[in-house]
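Heads up: the structure comes next, in structure tokens.
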Amino acid sequence: MLNFKNIKKSFGDNEVLKNVSLTVPTGKVVVILGPSGSGKTTLLRCANFLEVPNSGTVNLDDISIDSTNYKKDEIYDLRKNVTMVFQNYNLFKNKTALENVMEGMITVQRKNKAEANRVSKNLLSQVGLADRELFYPSQLSGGQQQRVGIARALALKPKAILFDEPTAALDPELVGGVLEVMKAVAKTGITMVVVTHEMQFAREVADKVVFMDQGVVVEEGTPEEVFDHPQSLRTEQFLSRVRKSA
């Protein structure tokens with residue numbers, strides 16, 4: 001189980017997260033929705049301490065990290081178990097798709113190259129890129145780069161994967177392919193936290209939908225509860241605007 005407890009985060013005078021608590025059950029998919037600036041991505045980055053909260057704790061099973069008193073080894077353990085798929089891919093430009101997927105296994109898990117190569121080839125095949133393993137990022141479409149990013153995240157066999165608006169930077173015709181890969185990942189039973197504006201994906205895949213605004217969790221529930229019977233006027237306003245722009 002991934003758990004955020006009383007997370008606060010400010011950048012200067014801007015309080016981005018205001019005492020946020022959220023539980024992500026093991027093996028479940030939680031989708032976080034909200035307008036720009038609501039704190040969604042910051043909360044995601046606090047999950048593996050890419051952003052260090054000003055206060056609060058992050059727990060993953062038996063790993064518990066207090067943001068005001070932690071050790072580097074604790075962060076290392078957390079990051080081995082919580083991987084992230086970024087909006088803008090974050091691939092090494094000088095490495096092939098295969099090498100990008102292998103990198104974490106070699107540098108973080110200390111696997112030998114032969115084993116890392118075998119696992120990476122298998123993962124690239126799973127995301128539909130068996131014929132692109134020797135291509136560099138510049139030779140791949142945005143959707144293909146994002147699928148490499150998903151394979152790279154899976155390579156570490158994490159307990160949880162964080163997705164930070166994984167389709168936001170893609171051309172519309174490329175979104176579907178990435179979402180299909182994410183749906184397949186969800187079916188494996190891995191814990192997923194997804195920040196996205198893809199409402200249909202949230203309806204189909206999420207076990208829980210969370211709506212954030214102005215640094216707080218406004219509402220959470222099943223997709224049916226949040227989309228069809230929102231309890232908060234702010235949630236209803238947001239969903240109405242998103243539907244109109246779709």
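We use all heavy atoms of the structure for the numbers below, so side chains are in, but hydrogens, waters and symmetry mates are not. Note that the coordinates shown come from a computational prediction; the quantities given were computed from them, not determined experimentally.
Counting non-hydrogen atoms of other residues, nucleotides and ligands closer than 6.0 Å to CD of Q214 gives a total of 12 or fewer. Environment of NZ in K95: crowded, with over 12 heavy atoms of neighbouring residues, nucleotides or ligands closer than 6.0 Å.
At a threshold of 4.5 Å between non-hydrogen side-chain atoms, the residues V205 and V31 do not count as touching. Within the 4.5 Å cutoff, the side chain of V178 has heavy atoms near those of the I150 side chain. By the 4.5 Å heavy-atom criterion applied to side chains, L22 and I32 are counted as neighbours. Residues L50 and L44 are not in side-chain contact: their nearest non-hydrogen atoms beyond the backbone lie 4.5 Å or more apart.
Each side chain to side chain donor-acceptor pair (under 3.5 Å) pair with one or both residues in residues 104-127, not counting sequence neighbours, appears once here: E115-R118, K121-E133. Within the structure, no pair that satisfies the side chain to side chain donor-acceptor pair (under 3.5 Å) test touches residues 69-81, not counting sequence neighbours. Sequence neighbours left out, the pairs with a member in residues 30-56 that pass salt bridge (Lys or Arg N to Asp or Glu O under 4.0 Å) are R45-E51.
With hydrogens and angles ignored, the 3.5 Å screen pairs no side-chain donor or acceptor of D164 with any backbone N or O of Q87. No donor-acceptor pair under 3.5 Å is formed between the side chain of T196 and the backbone N or O of E165. Looking only at distances, no side-chain donor or acceptor of N14 sits under 3.5 Å from a matching main-chain atom of S10. Without hydrogens or angle criteria, D213 side chain to S38 main chain gives no donor-acceptor distance under 3.5 Å. Here the side chain of R147 pairs a donor or acceptor atom with the backbone of V127 at under 3.5 angstrom.
Residues forming a ring-ring contact (aromatic ring centres under 6.0 Å, His included) with F227 (at least two apart in sequence, or on another chain): none. Among residues two or more places apart in sequence or in another chain, the side chain to side chain contact (heavy atoms under 4.5 Å, CB included) test is passed with D171 by E173, L174. Shown here are the salt bridge (Lys or Arg N to Asp or Glu O under 4.0 Å) partners of R132, two or more places apart in sequence or in another chain: there are none. Partners of N6 under the side chain to side chain contact (heavy atoms under 4.5 Å, CB included) rule, at least two apart in sequence or in another chain, are N19, S21. Taking the side chain to side chain donor-acceptor pair (under 3.5 Å) definition, one finds that T167 meets it with E198, sequence neighbours left out. The ring-ring contact (aromatic ring centres under 6.0 Å, His included) search around F163 returns none, not counting sequence neighbours. For E204, the side chain to side chain contact (heavy atoms under 4.5 Å, CB included) partners at least two apart in sequence or on another chain are K183, Q200. N88 is linked by a side chain to side chain contact (heavy atoms under 4.5 Å, CB included) to A169, counting only residues two or more places apart in sequence or in another chain.
Residues I190 and F201 fall within the same hydrophobic cluster, defined by Ile, Leu, Val, Met, Phe, Trp and Tyr side chains chained together at heavy-atom separations under 4.5 Å. The hydrophobic cluster containing M1 does not contain V24, counting ILVMFWY residues as joined when their side-chain heavy atoms lie under 4.5 angstrom apart, directly or transitively. Under the 4.5 Å side-chain contact rule for hydrophobic residues, F86 and M192 do not share a cluster. A continuous path of hydrophobic side-chain contacts links V85 to V119 [ILVMFWY only; heavy atoms under 4.5 Å]. One hydrophobic cluster holds both V194 and F238 under the rule that ILVMFWY side chains link at heavy-atom gaps under 4.5 Å.
V148 and A97 get closest at one heavy-atom pair: CG2-CB, 3.8 Å. Closest approach of Y136 to N94, counting heavy atoms only: CE2-O, 3.4 Å. The two residues N54 and T68 make their nearest non-hydrogen contact at O-CG2, 3.5 Å. For the residue pair P35 and M212, the shortest heavy atom distance occurs at CD-O, 3.4 Å. Residues M84 and N48 approach most closely at CB-ND2, 4.2 Å, considering heavy atoms. L17 approaches C46 most closely through the heavy-atom pair CD1-SG, 4.1 Å.
In this structure, T83 OG1 and L162 CG are separated by 7.0 Å, a value rounded to the nearest 0.5 Å. Of the inter-residue distances, the one linking E99 atom CD with I106 atom CD1 reads 8.5 Å to the nearest 0.5 angstrom. Rounding to the nearest 0.5 Å places CG of N3 at 4.0 Å from OG1 of T23. Note that the OG1 atom of T96 and the CG atom of L91 stand 10.5 Å from one another [nearest 0.5 Å]. Taking CG of D228 as the start and CG of L239 as the end, the distance is 9.5 Å to the nearest 0.5 Å. We find the CG-CG distance between N100 and N90 to be 10.0 Å, quoted to the nearest 0.5 Å.
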| message | For Y89 and L170: C-alpha separation, side-chain torsions, deciding distance, then whether side chain to side chain contact (heavy atoms under 4.5 Å, CB included) applies. | response | CA-CA 10 Å; Y89 325 132; L170 300 179; 3.3 Å; yes
| task | Could you walk me through whether D61 and T26 pass side chain to side chain contact (heavy atoms under 4.5 Å, CB included), step by step? | result | CA-CA 9 Å; D61 296 339; T26 300; 4.0 Å; yes
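Residues T57 and D66 bring no donor and acceptor atom of their side chains to less than 3.5 Å of each other.
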Using a 3.5 Å cut-off and no angle test, enumerate the donor-acceptor pairs between side-chain atoms of residues 215-225 and protein atoms at least two apart in sequence or in another chain.
from, atom 1, to, atom 2, distance (Å)
E219, OE1, Q231, N, 3.3
E219, OE1, S232, N, 3.0
E219, OE1, T235, OG1, 2.9
E219, OE2, Q231, N, 2.7
E220, OE1, K208, NZ, 3.1
T222, OG1, E225, N, 3.1
T222, OG1, E225, OE1, 3.4
E225, OE1, T222, N, 2.9

